[in-house]
**Student:** 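Quick one: the structure is below, and I'll ask about it shortly.
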Amino acid sequence: MVAFNDIQEETQKKIVSAALEEFAEKGYDQASTNRIVKRAGVGKGMLYYYFKNKKELYLYLVENSLEAIEHEYINKIDLSETDFFERLQEIVEFKMKVYFKHSGFFNFMSQVFVMESSHLPDNLANRIDTLRTEGMGKLYQNVDYSRFRDDLDVEKTLQLIQWSLDGYANSIIERLKGIDFSQFEYESYHEEFMEYLEVLKKAFYQKKGDE
């Protein structure tokens with residue numbers, strides 16, 4: 001794919017943007033290279049000169065999206081906040097900012113996460129799992145657990161919180177199946193998540209007067 005990376009940046013961005021939007025809207029199986037070249041304003045011959053088929057283009061987009069998410073999000077998470085729930089909130093807020101900057105990548109990868117892991121080779125599936133693990137690991141680094149209730153086992157409490165987060169994520173995945181991810185309303189899910197986060201905080205933290 002070196003040849004594609006060497007073409008004029010503006011043309012490259014048009015093709016990538018059009019392809020991200022098409023796959024986010026239609027999913028892999030229903031995505032059309034005819035619509036992609038029409039959106040990008042390039043000839044179909046140009047697209048197939050750089051990508052042998054739709055699958056090769058799709059995997060290129062997955063790799064590009066993972067690099068963008070890793071560079072702009074995972075590697076830039078601020079660990080200076082030691083309060084567990086404050087850090088979790090900051091991470092979500094930061095992800096929201098990155099989302100608006102790179103919405104094409106995030107919408108596309110949402111489609112990949114929810115619907116299309118079967119289209120990925122093992123190396124990319126493993127890379128996604130690694131990024132998820134790294135992102136979750138940063139949530140727990142250098143955290144001050146003194147605000148948790150004294151009558152709770154912190155390790156078990158964190159496990160319960162993790163199960164809650166995983167359960168919420170799975171429920172979101174079920175709700176999002178089959179939607180057009182190019183029209184994904186991130187803000188509404190962000191607000192909902194913050195409401196659940198506040199419930200967890202009230203359940204597991206000491207009350208202000210008890211600290």
Side-chain angles (χ1 to χ4, degrees), residues 20-21 24 61-62 64-117 125 127-149 152 154-208 211:
L20 288 172
E21 189 172 350
L61 294 175
V62 172
N64 252 28
S65 299
L66 288 174
E67 287 175 8
I69 292 170
E70 184 175 22
H71 178 70
E72 295 290 338
Y73 173 56
I74 299 294
N75 292 341
K76 293 184 178 179
I77 291 175
D78 183 8
L79 301 179
S80 61
E81 175 58 67
T82 59
D83 180 280
F84 178 78
F85 286 104
E86 290 297 326
R87 177 181 293 181
L88 183 53
Q89 182 171 333
E90 285 189 2
I91 287 175
V92 174
E93 296 282 359
F94 178 58
K95 184 176 182 179
M96 191 171 182
K97 290 179 182 179
V98 177
Y99 168 82
F100 285 119
K101 183 179 179 182
H102 299 285
S103 59
F105 290 118
F106 275 90
N107 288 337
F108 168 71
M109 288 306 295
S110 294
Q111 180 70 253
V112 174
F113 291 154
V114 173
M115 301 292 291
E116 301 177 335
S117 58
R127 189 173 171 189
I128 288 174
D129 287 340
T130 298
L131 278 182
R132 282 173 169 163
T133 301
E134 288 179 359
M136 190 56 64
K138 289 192 174 186
L139 175 60
Y140 298 99
Q141 287 181 28
N142 305 316
V143 168
D144 176 11
Y145 298 117
S146 64
R147 291 196 61 192
F148 283 92
R149 284 167 36 196
L152 296 177
V154 173
E155 186 175 341
K156 287 185 172 62
T157 299
L158 291 176
Q159 185 61 70
L160 283 171
I161 292 172
Q162 184 62 60
W163 287 337
S164 298
L165 295 176
D166 291 343
Y168 179 73
N170 289 335
S171 73
I172 292 296
I173 287 173
E174 288 300 316
R175 287 155 59 186
L176 295 181
K177 284 184 176 179
I179 77 161
D180 175 357
F181 278 94
S182 67
Q183 304 298 320
F184 182 53
E185 295 182 359
Y186 191 92
E187 301 96 321
S188 62
Y189 290 95
H190 168 264
E191 291 175 5
E192 181 184 75
F193 177 76
M194 288 304 178
E195 290 173 359
Y196 282 115
L197 197 62
E198 188 61 28
V199 171
L200 290 172
K201 186 175 181 179
K202 289 179 179 178
F204 296 118
Y205 264 12
Q206 301 175 52
K207 294 181 180 179
K208 287 291 185 180
E211 295 179 21

**Student:** Aromatic rings Tyr205 and Phe85: how do their planes relate, parallel, tilted or perpendicular, breaks at 30° and 60°?
**Tutor:**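 Ring orientation, 0 to 90° scale: perpendicular.
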**Student:** Can you tell me how far OG1 of Thr82 sits from CG of Asn142, rounded to the nearest 0.5 angstrom?
**Tutor:**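 Rounded to the nearest 0.5 Å, the CG-OG1 separation comes to 9.0 Å.
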**Student:** Counting only heavy atoms not in Lys76 (residues, nucleotides, ligands), do more than 12 fall under 6.0 Å from its NZ?
**Tutor:**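 More than 12 heavy atoms, drawn from other residues, nucleotides or ligands, come within 6.0 Å of this atom.
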**Student:** I'd like to know if the side chain of Asp144 and the backbone of Asp83 have a donor-acceptor N/O pair within less than 3.5 Å.
**Tutor:**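 Not confirmed, Asp144 side chain does not pair with Asp83 backbone.
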**Student:** Does any N or O in the side chain of Gln206 come within less than 3.5 Å of the main-chain N or O of Ser146, such that one atom is a donor and the other an acceptor?
**Tutor:**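 Checked: pair present.
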**Student:** In sequence, state the C-alpha distance, the side-chain angles, and the governing distance for Lys138 and Glu134, and then conclude on salt bridge (charged side-chain N to carboxylate O under 4.0 Å, His left out).
**Tutor:** CA-CA 6 Å; Lys138 289 192 174 186; Glu134 288 179 359; over 6 Å; no
**Student:** Please check this pair: side chain of Arg147 against backbone of Phe84, looking for a donor-acceptor N/O pair closer than 3.5 Å.
**Tutor:**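 The answer is no, because no donor-acceptor pair under 3.5 Å joins these two groups.
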**Student:** Quick one: side-chain hydrogen bond (donor to acceptor under 3.5 Å, both in side chains) partners of Thr133, sequence neighbours excluded?
**Tutor:**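 Not a single residue meets the side-chain hydrogen bond (donor to acceptor under 3.5 Å, both in side chains) criterion with Thr133.
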**Student:** Taking only residues two or more places apart in sequence, or in another chain, which ones meet Tyr140 in a side-chain hydrogen bond (donor to acceptor under 3.5 Å, both in side chains)?
**Tutor:**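 If we apply the side-chain hydrogen bond (donor to acceptor under 3.5 Å, both in side chains) test to Tyr140, skipping adjacent residues, the hits are Gln162.
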**Student:** For the CZ atom of Phe193 and the CG atom of Leu88, what is their distance to the nearest 0.5 Å?
**Tutor:**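 Taking CZ in Phe193 and CG in Leu88, the distance rounds to 4.5 Å.
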**Student:** Please indicate whether Glu155 has more than 12 foreign heavy atoms, meaning atoms of other residues, nucleotides or ligands, lying under 6.0 Å from its CD.
**Tutor:**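 No, because the 6.0 Å sphere around CD of Glu155 holds 12 heavy atoms or fewer from other groups.
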**Student:** Heavy-atom count check: over 12 atoms from other residues, nucleotides or ligands less than 6.0 Å from Tyr145 OH?
**Tutor:**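 Count over threshold, so yes.
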**Student:** Report the C-alpha separation of Leu160 and Trp163 in whole Å, then their side-chain angles, then the decisive distance to 0.1 Å, and conclude whether the side-chain contact (heavy atoms from CB on, under 4.5 Å) test is met.
**Tutor:** CA-CA 5 Å; Leu160 283 171; Trp163 287 337; 3.8 Å; yes
